Amino acid sequence: MTFYTYGYLTNHHNTWQYARIGLLIALLIVFIGLFVYYLRHRWNVKYKDMSIITGTLLLLVLGFQINSLVSLRSATEQTGEITSTVTTVAKQLHVAPTQLAVNATNTNTNLLIKAPQGYYRLDYNADGSAYVLEKVQLHRPKITLVKE
C-alpha cells in the first residue's frame with residue numbers, strides 16, 4: 001500500500017511540463033529560422049518543406065502541451081481537496097500536517113491516513129460534505145511511503 005506525505009501532495013510538480021515548454025520554444029525558433037531562410041531563397045524548396053514539417057511538429061507538441069495542462073489543472077484541484085482534508089484531520093488529531101500521510105492523491109471512499117498514533121480511515125457521507133474519522137488496525141501492512 002502506498003502512502004503519500006503532505007509534502008509530496010503540496011510540492012509535487014510535473015517536470016515534463018518544463019521539458020515540453022523547452023521543446024516548444026526550440027521548435028518555434030527552428031520554424032522561424034527555416035521560414036525566414038525560405039523567404040530569402042525562394043528557389044530552394046527544401047527549406048519550405050522543412051519549415052512545414054517543423055510547423056506540423058510544433059502544432060503537435062502544442063496540442064500535447066494543452067492537453068497536459070488541462071490534466072494538470074484537474075489534478076491540482078483534486079490535490080487541493082486532499083490537502084485541505086489532511087489539514088483538518090491534523091487539527092483533529094493535534095499533530096502537524098507534515099506528520100500525516102494518505103493512501104490516495106484525491107478524495108475517495110477508501111481513504112486511509114497514517115499518523116504517528118496509528119492508522120485512521122475516513123468515511124465520507126453521501127454528498128461528501130462531512131466525514132467520520134475512525135482508528136483502524138491494518139493486518140500485515142506493506143507500506144511504501146512516497147515523500148517529496
Side-chain angles (χ1 to χ4, degrees), residues 1-38 47-148:
M1 185 179 303
T2 304
F3 280 84
Y4 303 96
T5 63
Y6 183 77
Y8 175 82
L9 293 174
T10 56
N11 296 328
H12 180 46
H13 297 291
N14 193 350
T15 56
W16 285 106
Q17 296 295 323
Y18 300 119
R20 287 184 184 157
I21 290 173
L23 182 63
L24 273 171
I25 291 171
L27 281 173
L28 184 64
I29 290 170
V30 169
F31 174 73
I32 290 172
L34 287 171
F35 192 69
V36 166
Y37 195 80
Y38 165 70
Y47 293 105
K48 175 185 171 186
D49 295 339
M50 289 174 59
S51 66
I52 290 173
I53 292 170
T54 306
T56 305
L57 282 174
L58 180 68
L59 290 175
L60 181 67
V61 172
L62 183 64
F64 284 140
Q65 181 68 19
I66 290 171
N67 185 28
S68 180
L69 286 176
V70 169
S71 298
L72 182 65
R73 181 177 176 203
S74 173
T76 302
E77 289 173 359
Q78 290 176 352
T79 303
E81 292 173 4
I82 194 72
T83 54
S84 66
T85 302
V86 169
T87 55
T88 55
V89 169
K91 287 178 186 175
Q92 286 180 344
L93 296 175
H94 305 292
V95 296
T98 56
Q99 293 178 327
L100 298 180
V102 294
N103 70 333
T105 57
N106 57 4
T107 55
N108 60 20
T109 57
N110 298 322
L111 193 64
L112 292 175
I113 294 183
K114 180 182 179 297
Q117 300 93 348
Y119 296 95
Y120 293 87
R121 180 176 62 187
L122 248 59
D123 286 330
Y124 286 96
N125 63 352
D127 63 353
S129 62
Y131 59 86
V132 174
L133 183 66
E134 66 178 331
K135 190 168 185 168
V136 295
Q137 289 289 340
L138 297 180
H139 182 67
R140 294 186 201 166
K142 294 179 182 177
I143 304 298
T144 304
L145 193 62
V146 179
K147 298 181 180 181
E148 298 179 51

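On a predicted model such as this, the values are computed, not experimentally measured, just so you know.
- Between Ala90 and Ala96, the shortest heavy-atom distance links the atoms CB-C, 4.0 Å.
- Rounding to the nearest 0.5 Å places NZ of Lys142 at 12.5 Å from OG1 of Thr2.
- Counting only heavy atoms from C-beta outward, the side chains of Leu57 and Phe31 never approach each other to under 4.5 Å.
- Across all non-hydrogen atoms, the minimal contact from Val86 to Pro97 is CG1-O, 4.2 Å.
- With sequence neighbours excluded, the residues satisfying side chain to side chain contact (heavy atoms under 4.5 Å, CB included) with Ile52 are Lys48, Thr56.
- Atom CG of Leu138 and atom CG of Asn103 lie 9.5 Å apart (nearest 0.5 Å).
- No side-chain heavy atom of Gln99 sits less than 4.5 Å from a side-chain heavy atom of Leu93.
- Within the model, atoms CZ of Arg121 and CD1 of Ile113 stand 12.0 Å from one another, a figure rounded to the nearest 0.5 Å.
- At a threshold of 4.5 Å between non-hydrogen side-chain atoms, the residues Tyr38 and Asp49 do not count as touching.
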inquiry  = Does Thr85 form a side chain to side chain donor-acceptor pair (under 3.5 Å) with Tyr131? I'd like the steps, not just the answer.
reply    = CA-CA 10 Å; Thr85 302; Tyr131 59 86; over 6 Å; no
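- Leu62 is not listed as a side-chain neighbour of Leu58, based on a closest heavy-atom distance of 4.5 Å or more.
- Between Lys135 and Gln117, the shortest heavy-atom contact is NZ-O, 2.8 Å.
- Expressed to the nearest 0.5 Å, how far CG of Leu27 lies from CG of Leu23 amounts to 4.5 Å.
- Between Tyr119 and Phe3, the ring planes lie tilted relative to each other; the angle falls in the 30° to 60° range.
- Remark: Leu59 CG to Leu24 CG distance equals 10.0 Å, nearest 0.5 Å.
- Atom CD of Gln137 sits in a sparse spot, with 12 or fewer heavy atoms from other residues, nucleotides or ligands closer than 6.0 Å.
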